[in-house]
Structures are given as C-alpha cells and as structure tokens.
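Reviewing the structure listed below.
We're numbering straight along the sequence, starting at 1. Worth saying up front: this structure is predicted, and the values here are computed from it rather than measured.
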Amino acid sequence: MAARAQNFLCQSCGAAYPRWAGRCEACGAWNTLVEEGAAVPARFSRKGRLFVIETLKGDSHDAPRVASGIAEFDRVAGGGLVRGSVLLLGGDPGIGKSTLLIEVAAAFARNDHRAVYISGEEAVAQVRLRAERLGLSEAPVELAAETSVEDIVATLSQGPPPRLLVIDSIQTMWTQTVDSAPGTVTQVRGAAAELIRYAKRSGAAIVLVGHVTKDGQIAGPRVVEHMVDAVMSFEGEGSQQFRILRAIKNRFGPTDEIGVFEMTGAGLSEVANPSALFLSERELGSPGTAVFAGVEGTRPLLVEIQALVAPSTLGTPRRAVVGWDQSRLSMVLAVLEAHCGVRFSGYDVYLNVAGGLRIQEPAADLAAAAALVSSLSHAPLPADAVYFGEISLSGTVRPVPQSAARLKEAQKLGFARAIVPERTDAPDGFSLSSVGALSSLVADIARDGKPPQRRGSRED
Ligand code: TYD
Ligand code: MG
C-alpha cells in the first residue's frame, strides 16, 4: 500500500495524522480529528519567475498607519492600523466583536477612508439593524454578506482598495483553492492565506474575527496566528459590562497595552479612566479587599483584589482564583505559611479581581497577600491605601517597575497612602509605608483584627 497523506487534522491545534484517533496527541483535545482534503498537489516543476529586489530605503507615499479615532482601539493596535497588515480579533461568542468592529469601520468611513464590512455570519439586514441601534446608519460603511474569498477579492479589486476590510468571521470563509468544508483548519488556513495575500498586494488593512473555544484558545484560527501581523483578544465576563481589548501579538507595536470599553445599550463606549470605573463599586470597610496599584502597558490601573478565607468542610480545602494566576496564589499562600506563621490549612481560599480584569503582573503579590490576611483576621484594610510589590519565596518584598506612575494614579484618585517595597519614592503629600518583609505587613494587619475563626464555629 502506498504511503498515505496526513489527512486527519486536529481542529484545535492543526496537527496532522495519517489516520483517525480519538485524541490529538499534540494538544490532548478529544474528538477533534477531522479528515480534510489533501492540499493541492505540487504542480510539475516550473522555472522560477524573476522578481525585483528592493532596498530597505524607499519612499512610501501614504501614512503607514491610520488611526480609527477610537482611542482605546488605536492604543492596543499600537497607534492605528498599519497599511497592508492583517489583524486577528479573537473572543468568546457574544462578547461584542462585531459591535466593536462595526464601530471601528464607521469611524474609518467617517474620516473618508474606504471601509468594507463583510459578514459571513449575519445577513445584511441584521448588521444594518445593529448599526441603527448604535446610531451609525449614516456612516458610509460598505456592507455585504459573503463567504467566498475569491468573490470578495474580485469585488474589492474593482474599485480603489479599501483602507479597512473587516471579515466577520474567518471561520465562515471558504476558498476554492482548498477542498474541504468551511470552518475546518484547512479552509481557515487557506482563506486566511488568500486574504493576507490580498492585504499585502492592495495595502488594505484587514481585521479577521476568530471564535474562541471554551478553554480560551482561538479555535481553528490558532493555526492562523503565526500568519497574521497582530492578534488581539476581546475579553470580559458576560455578566459584567467591562470589556478588555488586549494585544497578544503585534508585529508593529507593543503587546502589553489594553483598551477598556463598557458595553452599554448603545454599543461599546470607551473608558478613558478605567481606575475610577473599577473602583466605583467598592465596599469600604469590609475585610478581605485591597486596592492594587497596577500598570498595564504604559497605563497605571487601580483595581480591587478581593479575598475570602472561610473555614472549610472539605478534606482538601478549595483554592479558587478569578482574574489572577492560580500558581501565584499558591505561592503567596505558601510564603505566608512558611515565613509569616499564617495557617490556611482548614480554610477555603477564594481570590477575585473585581471588574472582570485579568492581572498578569507579579506586582500584585503584596495586594493579594494583604487581602488574604485581612480576610483571615477579619481586619479591614485602610480604605485610603493602595498596595504593590512582588513577593519572593524568601518572604521579602521586592521593588517593581514604574512605581512613580502607580503612585501618581493613586493620588489622582484620592488615595493618601501606599504600602510598597523599600526604596520607593513618593510624590508630595503622599504617605508611604515601606515593607521589607512580608511578615511585618502581616503583623500590622493582624494587630487590628480579631483572632481567626476556628473551624466549624459560626459568627453572627
Ligand atoms: P456581538 O457584537 O454580536 O458579539 P460577537 O460578535 O462577539 O459575537 O455582541 C452581542 C452582545 O452585545 C449581545 O449579547 C448584546 C450586546 N449588545 C449590547 O449590550 N448593546 C449593544 O448596543 C449591542 C449592539 C450589543
Ligand atoms: Mg459577531
């Protein structure tokens, strides 16, 4: 029997296998292998075509980057969309990707840039209805419901190339060059490749929408991630109105910037001062909450970290965390136990970052530790204080970058003091308590609190 082509592709990670199996060995996903058409066989060899080689220096006629005017979007894109670049926008269904992109397209169109919105998921009437609700009906966005990449490219090649082309979504697109069903890895890859070729040729900036699976992977389009110039994800808790736009990869800009939006009845509105929003529903005076003075990219951001330490009835107590890293929580708990004499065995521990934000900075260690100890000892933390600092395994509190920006933001929002690592400078009129070791912070908090509840006892 002749050697068989590797035709079974994992729809999650794109790994190829010669035969079907229940589980993908590459990514561990179950039941994701699907047989797909073989790639078009290599044509009989032809002589290479000669092409022009250019220099790094050259004259580009137009501004290489065009800003949409939606500041939160432009910030994440690195100042605007680069000509001829392709951006993948991932996010859970219903998070607001289509809403964001119709707003961006309308902003481009209103600034006299040709903007085309192709929907493969919704009918033209549905997209129009949404635009009407958002008050964007008058914006000269060109709209179509299409799924064939060849038709789209042929139609767009007729006029001047658009400045922005939105493809909603890449999973619904199909190209004739590939012989498998829409939505499969091969089709998604083929359709993306065609569109990328069109972007480079015409100079249009393309935004591809990609759906995300339960575990946060951009399904199918994960195989597209390395082909595109930038990958952004649109995140948020469905029940909350905040939405965070985050750059995961960007060939033309930074990857640590975030954009903050609020989903309202009239679409997404920009949040220029997210700290005020994240702190707006603070409960003052309750134990277990600490305000963390963080930095996302170049922007300082204050958020509330909430902890609940409650007696457990389980043999193995629960450790749950939302918006922060599970292993960092384990580390902070271990340091508190080993170096500060705080016992968490026998207690369930929950940690939550308010507002649906996800924090990645190690600088949040100190705020998390303060919230945990505050909850355990029933001692509310001072309402006018912010916390930041990284905790090392030896129990010392280490300095973190950009402390001046953090403190300035805290001062702007009415905070009067900060609990920070040693060797941090304070702005005028701001009081600092430097902590060198985590144990001294624990002693300070516990001094004001009641002794911890014992397991099984109740308090009214
Ligand atoms: P949508 O942009 O369709 O999400 P996606 O394209 O990511 O699947 O957004 C749908 C959600 O947004 C829906 O649950 C309703 C909500 N929404 C508003 O709250 N206000 C609005 O003005 C609009 C248009 C949508
Ligand atoms: Mg949509």
Side-chain angles (χ1 to χ4, degrees), residues 285-294 302-312 317-321 324-353 359 361-401 403 406-407 410 415-426 430-455:
S286 56
T289 66
V291 176
F292 165 52
L302 266 49
V303 283
E304 188 184 67
I305 294 190
Q306 307 168 338
L308 175 65
V309 180
S312 178
R318 207 183 276 271
R319 305 278 181 255
V321 48
W324 204 43
D325 190 10
Q326 181 90 42
S327 46
R328 281 214 88 83
L329 172 65
S330 308
M331 194 201 83
V332 169
L333 291 175
V335 173
L336 283 169
E337 295 220 356
H339 296 291
C340 312
V342 186
R343 293 267 162 267
F344 288 98
S345 53
Y347 290 93
D348 287 334
V349 174
Y350 303 90
L351 195 88
N352 177 38
V353 177
I359 297 181
E361 276 191 286
D365 292 353
L366 195 65
L372 290 165
V373 175
S374 160
S375 176
L376 180 72
S377 58
H378 295 266
L381 299 171
D384 62 347
V386 297
Y387 294 77
F388 61 83
E390 182 180 345
I391 295 173
S392 72
L393 286 178
S394 62
T396 55
V397 180
R398 299 165 45 126
V400 296
S403 42
R406 298 172 201 267
L407 293 171
F415 289 86
R417 53 181 154 156
I419 289 72
V420 298
E422 281 171 342
R423 297 192 303 281
T424 307
D425 295 325
F430 207 81
S431 123
L432 284 194
S433 325
S434 316
V435 284
L438 188 57
S439 48
S440 61
L441 174 74
V442 173
D444 283 348
I445 298 171
R447 203 176 309 126
D448 306 327
K450 300 174 232 163
Q453 280 177 298
R454 280 221 312 281
R455 191 174 181 159

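- In plain terms, the two heavy atoms of Gly395 and Val335 that are nearest each other are CA-CG1, 3.7 Å.
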Side chains of residues 433-444: which donor-acceptor pairs under 3.5 Å do they make with residues two or more places apart or in other chains?
from   : atom 1 : to     : atom 2 : distance (Å)
Ser440 : OG     : Ala437 : O      : 2.8
Asp444 : OD1    : Arg447 : NH2    : 2.7

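- No donor-acceptor pair closer than 3.5 Å links the side chain of Ser312 to the backbone N or O of Tyr347.
- Listed here is the closest heavy atom pair of Ala371 and Leu381: N-CD1, 4.2 Å.
- When all heavy atoms of Ser374 and Ala379 are compared, the pair lying nearest together is OG-O, 2.7 Å.
- A distance of 13.5 Å separates NE2 in His378 from CD1 in Ile445, rounded to the nearest 0.5 Å.
- In summary, of the residues considered (Leu366, Leu407, Asp365), a side chain to side chain contact (heavy atoms under 4.5 Å, CB included) with Phe388 occurs for Leu407 alone.
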Show your working on side-chain contact (heavy atoms from CB on, under 4.5 Å) between Glu422 and Val397 and close with a plain yes or no. CA-CA 8 Å; Glu422 281 171 342; Val397 180; over 6 Å; no

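- Rounding to the nearest 0.5 Å gives a distance of 10.0 Å between OG1 of Thr424 and CZ of Arg406.
- Residues Phe430 and Ala418 share a closest heavy-atom pair of CE2-CB, 3.6 Å.
- The only member of Val309, Val342, Ile305 that meets side chain to side chain contact (heavy atoms under 4.5 Å, CB included) when paired with Leu372 is Val309.
- With His339 contributing its side chain and Leu393 its backbone, the two residues share a donor-acceptor pair below 3.5 Å.
- With rounding to the nearest 0.5 Å, the separation of CD1 in Ile359 from CH2 in Trp324 is 8.5 Å.
- The 12-atom threshold is exceeded at CZ of Arg319, counting heavy atoms of other residues, nucleotides or ligands nearer than 6.0 Å.
- Of the possible polar contacts, none joining the Glu304 side chain to the Thr289 backbone as a donor-acceptor pair under 3.5 Å is found.
- Formation of a donor-acceptor pair under 3.5 Å by the Asp348 side chain with backbone atoms of Ala310 is not found in this model.
- Summarising the geometry, atom CZ belonging to Arg417 is positioned 11.5 Å from atom CG belonging to Leu432; distances are rounded to the nearest 0.5 Å.
- At a threshold of 4.5 Å between non-hydrogen side-chain atoms, the residues Glu361 and Arg328 do not count as touching.
- When atom types are taken as modelled, the side chain of Ser377 and the backbone of Val373 share a donor-acceptor pair closer than 3.5 angstrom.
- In this structure, the separation between CD1 on Ile391 and SG on Cys340 is 8.0 Å, given to the nearest 0.5 Å.
- Atom CE of Met331 sits about 7.5 Å away from atom OG of Ser392, to the nearest 0.5 Å.
- Contact detail for Leu351 and Ala307: the closest heavy-atom pair is CD1-CB, 3.8 Å.
- Closest approach of Arg318 to Tyr350, counting heavy atoms only: CD-OH, 3.3 Å.
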